Amino acid sequence: MDISAPKRLLDKVCGFAEKLEPFREMLLANLVMVSEIPSPTFAESKRIEFIKQRFTECGLQNCSTDGIGNGLGFLSGSNSQKTILLTAHCDTPFSINEEHTCRVDAGKIHGPGVADNSLGLATLTTLPTILERLDICLKNDLLFIAAVNSLDHGNLGGIRFFLSNYHKTISHCIGIEGAPLGRLQFRSMASLGGMISCNVNRKVSEQSAVEVINQVITRLQAIKLSDDTHTDLVLGAVQGGASYKIPARNSFLKFQLRSNIDDSIQKTVKKIDTILNDIEQQAGVTVSLDVIARSKAGGLEATHPFVEMTRQVMTNLEIVPSDTIYSSTISAYVEQNLPAICIGISNGENINYPDEYIEIDPITKGLAQLIGVLLVIDGELCA
Amino acid sequence: MLNINNWLQSNTCHHSQFRDLLRLVKEKERQGITISLCIPTLNEEATIGKEVVLFKSELQDRYPLLDEIAVVDSGSTDRTREVAASFGADVYLASNILADMGFKRGKGENLWKAIYQLTGDIIVYVDADIKNIHPRFVYGLVAPLIYRSEVKYVKAFYDRPLTLSNKIRPSGGGRVTEILVRPLFSLFFPELTAIIQPLSGEYAVRREVLEKLPFPVGYGVETSHLIDVYSSFGLEAFAQTDMDQRVHRHQTTRDLGKMSFGILRTFLKRLKMKGMSSDLPDFTANLRQFQAHDEQYEQVIHEIFEEERPPMIELEAYRKRFDKKI
């Protein structure tokens, strides 16, 4: 290969952000329309319908939904030998009944889910038009997937289903998230998301389930976690009781365990089981652990050409790659031994809260980065 | 009198009937029609950006249905004009349009001046305070005009069933419509009761009709349009489109009182002009409302003038600009 080819390609990427300005409104319109269709996990069909319609309108082939409900579209390359997979998850943590209207001001778009992951989906649905109008014709095929059932109990069900049932060769996978710009994740930690439920039988005990969940939390925090394997316990959410004046009958704790090593998760789960068994010895108290989601440790090394070239594309666009290299979304690809990265398109704040917003200005740079990564893959610089 | 039920069957549409935008654009182009969108504004920075982004991207760039997207502003003191311009709308200050005609504050003024400033054969008006704005708010109004040459004026209404059942449910407009306007129409213009939301701020009209309408500059503009178009062309000139749901800010009862006062003045003026009620006195411009401080009650007087602009066709400047004759 011509050794100056990578440099020429990377230089070309520098000018992209400017070329993408005319597509800003199109992307923002897609973002608003996607965002205003409620799409809680397991109820994404209306949003998928819209995305599928967009895929059809911009000329993708085989626009369809698969057996689990993922929205798919296909763009043939000029020399179809490999397929690059582009995915964005379609679900949000907001219920159908919550207010989903967005607000657009001069510099930001506000609304639940705009960053996670309406911007990712808007990028997915606008990209085919951008490639066509900029006359960018790739050698490789592109497969666009709006994935369902990703968050919480969804446990990456949509993308896992697709990868288990797709039998053609996929060369590279790119997960698109709305935020933050600079995100470059290529490894998955082993993790277990769980929910501990406490129930107190009122016929036997007057104890509050809040006290019981408090005992659970105290015992969980006392577990010695290995620094060597970067094992960590995140206490994510608690819930319980019905009123301030009645002892709670139920309580719940959601948590995540994560580690560099799968084995470390299994050992810690055994310790948690022991703790729950101890606590359940109290009269009238039932405690149980439900697994919400699991992920497997693995992924690319930092020196892998896919990661290195992506980092160079980002640097050329003056995007500073973040230090956080782990994302549970990578796990689905790790299970199938597929090289995958996850990147962000713009800056966002208050993610997963109703006052979530994204910044408009960095979007073109985020898009340029994505096109740059596609070009370096297509130029066979990421193998 | 037309059979209202027949009219409701034939001239009431749902926006989803017009979802095929490619077909709509082709038909528009075949007929050589041009379409302008006018968004009248006064301090709407919270919602204007989204409207412009959606309409420009979906109805100009993706499907070229709109030839022009214009914001006609009454003098906002927030960033309405800046935000609208930043997303590519043509932004006008109402006071700068036909400047020698002066400037009167009110939404009707902006709508009237838009007839002069914008160039489309059809003008579609969409309020700027719609939180759940969507391209359907434009194509749902424009499509009946494109597909049916006898239709001259298309009005939006909003009716989303809360449950999916076959039971009969009440359907209609807001408080001012149901308490004031529909009772008045029932008394004096019964056919106009078929218009489900006579006060909705979203409508599309052919230029040849708009230019012949006088424009109250304030609250009475929608009511006067209905009466005047009905008087000239009958109910068959109207169509209405269901847009499902409109999320917007709610007004206080006190503000609705002012609105009702303006509408009533416009309405009574038309009754007088048409000789339908000849012995009405001259109308005061004073609306009297009350407020209380502890045990003390005091009257608050609001002066609400319902001035009217003449039909645009009567202006020489307009006739010259569009090469028209009376």
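Just so we're on the same page: letters track the sequence lines, and every chain starts at 1. Remember, predicted model here, so these are calculated numbers, not experimental data.
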Roughly how far apart are A:C102 SG and B:N132 CG, rounded to 0.5 Å?
-> 11.0 Å
Note: B:K50-A:E36 ion pair, threshold 4.0 Å (strictly below) | yes
Can you tell me how far the CZ atom of A:R133 sits from the CG atom of B:D61, to the nearest 0.5 Å?
-> 7.0 Å
Spacing of A:E25 atom CD and B:S86 atom OG [to the nearest 0.5 Å] | 8.0 Å
Output for pair (B:T47 OG1, A:D105 CG), nearest 0.5 Å, gives 11.5 Å
Can you tell me if CD on B:E27 sees more than 12 non-hydrogen neighbours from other groups inside 6.0 Å?
-> yes
Side chains of B:E58 and A:M33: closer than 4.5 Å at any heavy-atom pair?
-> yes
Winner by heavy-atom pair count (cut-off under 4.5 Å) against chain B, out of A:V104, A:L27, A:I360 | A:V104
With chain A, which of B:R62, B:K56, B:E51 has the greatest number of heavy-atom pairs at distances under 4.5 Å?
-> B:R62
Greater than 12 external heavy atoms within 6.0 Å of A:K19's NZ | no
Proximal to chain B - members of residues 54-64 of chain A, heavy-atom separation under 4.5 Å | A:R54, A:E57
For B:R23, does the CZ atom have more than 12 heavy-atom neighbours from other residues, nucleotides or ligands under 6.0 Å away?
-> no
Would you find more than 12 non-hydrogen atoms of other residues, nucleotides or ligands less than 6.0 Å from A:E318 atom CD?
-> no
Per-residue contact mode, B:I133 against chain A (heavy atom under 4.5 angstrom) | backbone
Residue A:K12 excluded, over 12 heavy atoms near NZ under 6.0 Å = no
